[in-house]
There are 2 protein chains.
Amino acid sequence: MQPNDQDLAFVMHDLARLMRVRFDQHARTWGMTRAQCVALMKLKCRPGMSQSELAALLEVEPITVGRVIDRLEAAGFVERRPDPADRRMHRLHLRDAAAPIIEKIDEYRAAGIARFHDGVPDEDWNMALSVLLRIKEKILSESADTAAASATAVSGE
Amino acid sequence: MQPNDQDLAFVMHDLARLMRVRFDQHARTWGMTRAQCVALMKLKCRPGMSQSELAALLEVEPITVGRVIDRLEAAGFVERRPDPADRRMHRLHLRDAAAPIIEKIDEYRAAGIARFHDGVPDEDWNMALSVLLRIKEKILSESADTAAASATAVSGE
DNA sequence: TCAAGATGATAAGCAGGGCTATTTTAAGGC
DNA sequence: GCCTTAAAATAGCCCTGCTTATCATCTTGA
């Protein structure tokens, strides 16, 4: 067996999963799911987005966003307003009922960040952050390379 | 908008998602899913597990493992052997057809780890690792507290 | 011994992701 | 102006994961 406990990728994955599960449990007590909460937070920051824009922001497929919005709309948290200029599009807006939920999410986030940061020296924290960012850059640049390569292959150059 | 790009939790989450998606894409080219690959790797390390044991190892619910095994069995990669002593249980074993897949997974992992580590000084890498481990410990101890509290509440003490 | 509880597997139903394909509508190219 | 292409949303299907419930089978204690 590999020493997975000492593999940064594995630990990170584990930790992300733990945080995800914890958040899921809290969200459930509010009658929400994680995906729904994240969508609300993004809409709060930038109202009037189309579903495609939201999908790009969340880095998921438009169809996934569409179904999350279905539920948020049914729950009365979001409304789809037709775009006056482009009849293909819906503009997404929060409704008043979403405000208490958003407040809960913000409280949960602030408390969590404070608790995790507590007891970890700033320089260590920042170092961890910078290493993760470096890895992320690498992955993103690799993905870009791959995308460029496939594009070239498709165009036949 | 919060400075999410500088929030360790968000970056970690993002990065974990990126790695997950990348692996999913590769697994798909082999005709596999990530969950199936992970199950194969665990079974390789410890053949003869029951589904419950595998579920505990993967930290998912037994029903989830059951369905993954359904597919792996249908594909001829795994077999369920009845336990001679306990007729409730199935013992899981790899079949020969799984060997090439396992080799691909191992190659992918080794290459990925090497690439991410490349260019990051060892001390930085280890610092990042230790910060993540500290956060993980905190979350786990909090969960334990919560579990103990609910247990106390249930038992009426 | 036998009834009650614990455990392994599975089913049903819901939610969130993905992929592929379709429909409707805009935007450009001729 | 017409025709082709691109974009927005959606439908259908699959896989994974959760919760809750069911069934069969141990295991244990009165």
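Letters A, B, ... mirror the listed sequences (proteins, then strands); counts begin at 1.
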query = Counting only heavy atoms not in A:R20, do more than 12 fall under 6.0 Å of its CZ?
reply = yes

task = Supply the atom-to-atom distance B:M49 CE to B:M89 CE, rounded to the nearest 0.5 angstrom.
result = 13.0 Å

key: Under 4.0 angstrom between B:R87 side-chain N/O and D:dC26 OP1 or OP2   = yes

request  = Identify the 5'-most and 3'-most nucleotides of DNA chain C with at least one atom closer than 4.0 Å to a non-hydrogen atom of chain A.
outcome  = C:dA15 to C:dA26

key: By salt bridge (Lys or Arg N to Asp or Glu O under 4.0 Å) - contacts of A:E79 (at least two apart)   = A:R81

query = Counting distance only, does the side-chain N/O of A:E53 pair as donor-acceptor with the main-chain N or O of A:S50 below 3.5 Å?
reply = yes

message = Looking at B:D118 and A:R134, is there a salt bridge between them, counting it only when a charged N and a carboxylate O are closer than 4.0 Å?
response = no

request  = Indicate for each nucleotide in nucleotides 5-18 of chain D, in 5' to 3' sequence, whether protein heavy atoms under 4.0 Å reach the base (B), only the sugar-phosphate (S), or nothing (-).
outcome  = -BBSSBB-B-SSBB

Partners of [X] by ring pair (Phe, Tyr, Trp, His ring centres under 6.0 Å), sequence neighbours excluded?
{"X": "A:H93", "value": "none"}
{"X": "A:F77", "value": "none"}
{"X": "B:F116", "value": "none"}

